[in-house]
2 protein chains.
Amino acid sequence: MNIRTELSPSAQRIAEVAQNLVQEVGYNGFSFEHIAKEVGMRKASVHHHFASKADLGVAVVKSYTHEFEDALQNILTSAKSAPQRLTAYADLFEATFANQHHLCVCGMLSAESNSLDAAVKQEVNHFFQLNMTCLTFVVQEGMDSGSLKKVNDAPAVAQTCLSMLEGSMLVGRCLSAPMGPRHMMDLFLGLLGS
Amino acid sequence: MNIRTELSPSAQRIAEVAQNLVQEVGYNGFSFEHIAKEVGMRKASVHHHFASKADLGVAVVKSYTHEFEDALQNILTSAKSAPQRLTAYADLFEATFANQHHLCVCGMLSAESNSLDAAVKQEVNHFFQLNMTCLTFVVQEGMDSGSLKKVNDAPAVAQTCLSMLEGSMLVGRCLSAPMGPRHMMDLFLGLLGS
DNA sequence: GTCTATATCTTGATAGAC
DNA sequence: GTCTATCAAGATATAGAC
């Protein structure tokens, strides 16, 4: 079921290195040669596991999305109120950004989406769709139960949250004193809390 | 004084095409060959105007920042209240995104910042510094004059605005129903308005 | 300023030995 | 599964004629 454990150990390692490179320099910023050097094998061996760069891209996004989905499920079961859930959600991005100012895999790929193969772009779309569904549910529940103000429709608030968090990482890369996703969500919840 | 009019007509045209390409596919997503085809000249002629890709990158960001600076000045003089100013500010991003889902030049370059030459990255940093200074001033004035709630320090609110707007474009590229920067600012001002 | 031609390197990808 | 070797294409960049 888990895409990552479906792969051979070498393929897993390659996908892991590729994910880090996407988060550091983007899909157009690295090559099979970079991966080979990092993993400690030759380009041709990387191609043995992933025939094309698009195949590798799809594997990276699927794996990333799968892990993210697990984390979302975990948040829904362990955190009970919308503010707690949104805080835990922001902490996912915080952990990513705290690691060498890495971007969200799909945030980076969304920027590059016009130069991605259709299969990769589709996986990125799916990631955001998943996040929007989850966030909308959380926000709607919060508004219904009274833990969030009912100032706007839930999907709009959800998209604002998602944009703010992705944007905090994007902008944070070029600011001398970035706030970080967690701090930004705290501010947002200060405005949205009832 | 204007970087764009300091350039020869051909150089201006090249920089203009390069800017569009950055906004569409990113700095790592295009080559001198793409520019040459679009402009209608040969690669070598492009190099005559900009010796290196980094030189071209610097020119693009300087030109973009200069235009943005003019727009900011315009907003400060023509709009008098913080909500009006922030709305006009969001409209700058709205216009960019409405044009074929283009990203902000510096939003895109911030994502790619780890693979940029130092000179280009420095210009991107300057763009964000400029925006933060302007936004912080606007927010602070709004809090002081009572048109915005005093819930947080002005720099934090400013960074949240900037992140939300940049993020709305980033995320909007991969959503079927993106809200757009202007709509998102309306929502934010609904929460922050006093 | 623009061109042709070329140099040099890197890219994604394949063939075939081990 | 990994390797060497190779390919064709594309990348940045330069030299020199017009």
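First the proteins, then the strands, lettered A, B, ... as listed; each starts at 1. Note that these values count all heavy atoms, side chains included, but never hydrogens, waters or copies made by symmetry. This structure is a prediction, so every number in the text was calculated from the model and none was measured.
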Ignoring hydrogens, what is the shortest heavy-atom contact between A:Leu76 and A:Arg85? Give both atom names and the distance.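 Answer, listing the atom of A:Leu76 first, then A:Arg85: O-NH2, 3.0 Å.
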Check: residues 108-121 of chain B side-chain donor-acceptor pairs under 3.5 Å, at least two apart:
residue  : atom : partner  : partner atom : Å
B:Ser110 : OG   : A:Leu170 : O            : 2.6
B:Glu112 : OE1  : B:Tyr27  : N            : 2.7
B:Glu112 : OE2  : B:Tyr27  : N            : 3.2
B:Glu112 : OE2  : B:Asn28  : N            : 2.9
B:Ser113 : OG   : B:Ser110 : O            : 2.9
B:Asn114 : ND2  : A:Glu24  : O            : 3.0
B:Ser115 : OG   : B:Asn28  : ND2          : 2.9
B:Ser115 : OG   : B:Glu112 : O            : 3.1

Going 5' to 3' along DNA chain C, which nucleotides are the first and last within contact of chain B (any atom under 4.0 Å from a heavy atom)?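 Under 4.0 Å from chain B, the extent on DNA chain C is C:dG1 to C:dT4.
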How many angstroms lie between atom SG of A:Cys134 and atom CG of A:Leu72, to the nearest 0.5 angstrom?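 Taking SG in A:Cys134 and CG in A:Leu72, the distance rounds to 4.5 Å.
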Cut-off 3.5 Å, no hydrogens considered: what does the side-chain donor-acceptor table look like for residues 32-42 of chain B, sequence neighbours left out?
residue : atom : partner : partner atom : Å
B:His34 : ND1  : B:Ser31 : N            : 2.8
B:His34 : ND1  : B:Ser31 : OG           : 3.3

Which angle, rounded to 10°, do you find between the first-five-pair axis and the last-five-pair axis of the helix from C:dG1-D:dC18 to C:dC18-D:dG1?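 That helix gives 0° between its end axes.
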When you measure from every atom of DNA chain D, which of residues 108-119 of chain B have a heavy atom less than 4.0 Å away?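 Within this stretch, nothing sits under 4.0 Å of the strand.
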Mind listing the residues from residues 31-47 of chain B sitting with a heavy atom below 4.0 Å of DNA chain C? Number order is fine.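 Going residue by residue through residues 31-47 of chain B, the ones with a heavy atom under 4.0 Å of DNA chain C turn out to be B:Met41, B:Arg42, B:Ala44, B:Ser45.
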Residues forming a ring pair (Phe, Tyr, Trp, His ring centres under 6.0 Å) with A:Phe127, sequence neighbours excluded: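 Listed in chain order: A:Tyr64, A:Phe68.
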Using the test ring pair (Phe, Tyr, Trp, His ring centres under 6.0 Å), find all partners of A:His101 that sit at least two apart in sequence or belong to another chain.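 A:His101 satisfies ring pair (Phe, Tyr, Trp, His ring centres under 6.0 Å) with A:Phe97 only.
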Sequence neighbours excluded - side chain to side chain donor-acceptor pair (under 3.5 Å) pairs with any residue from residues 151-172 of chain B: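 As it turns out, there is no side chain to side chain donor-acceptor pair (under 3.5 Å) pair with a partner in residues 151-172 of chain B once direct neighbours are skipped.
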Does anything in residues 134-143 of chain B pair up under side chain to side chain donor-acceptor pair (under 3.5 Å), and if so which pairs, sequence neighbours excluded?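 Listed once each, the pairs are B:Gln140-B:Asp144, B:Glu141-B:Ser145.
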List, one per line, each side-chain donor-acceptor pair under 3.5 Å for residues 174-193 of chain B, sequence neighbours excluded.
residue  : atom : partner  : partner atom : Å
B:Arg182 : NE   : B:Asp186 : OD1          : 3.3
B:Arg182 : NH1  : B:Asp91  : OD1          : 3.1
B:Arg182 : NH1  : B:Asp91  : OD2          : 3.0

Give me each pair satisfying ring pair (Phe, Tyr, Trp, His ring centres under 6.0 Å) with a member in residues 153-180 of chain A, each pair once, sequence neighbours excluded.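 Listed once each, the pairs would be none.
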Select base, sugar-phosphate, or nothing to describe what B:Phe50 touches, counting heavy atoms under 4.0 Å on all strands.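 Result for B:Phe50 = nothing.
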For a quick check under 3.5 Å, do A:Glu16 and A:Gln12 share a side-chain donor-acceptor pair by atom type?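 On atom types as modelled, these side chains do not qualify, holding no pair under 3.5 Å.
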Working note: A:Gln73 + A:Glu69, criterion side-chain hydrogen bond (donor to acceptor under 3.5 Å, both in side chains); need CA distance, chi angles, decisive distance, verdict. CA-CA 6 Å; A:Gln73 198 51 247; A:Glu69 210 166 355; over 6 Å; no
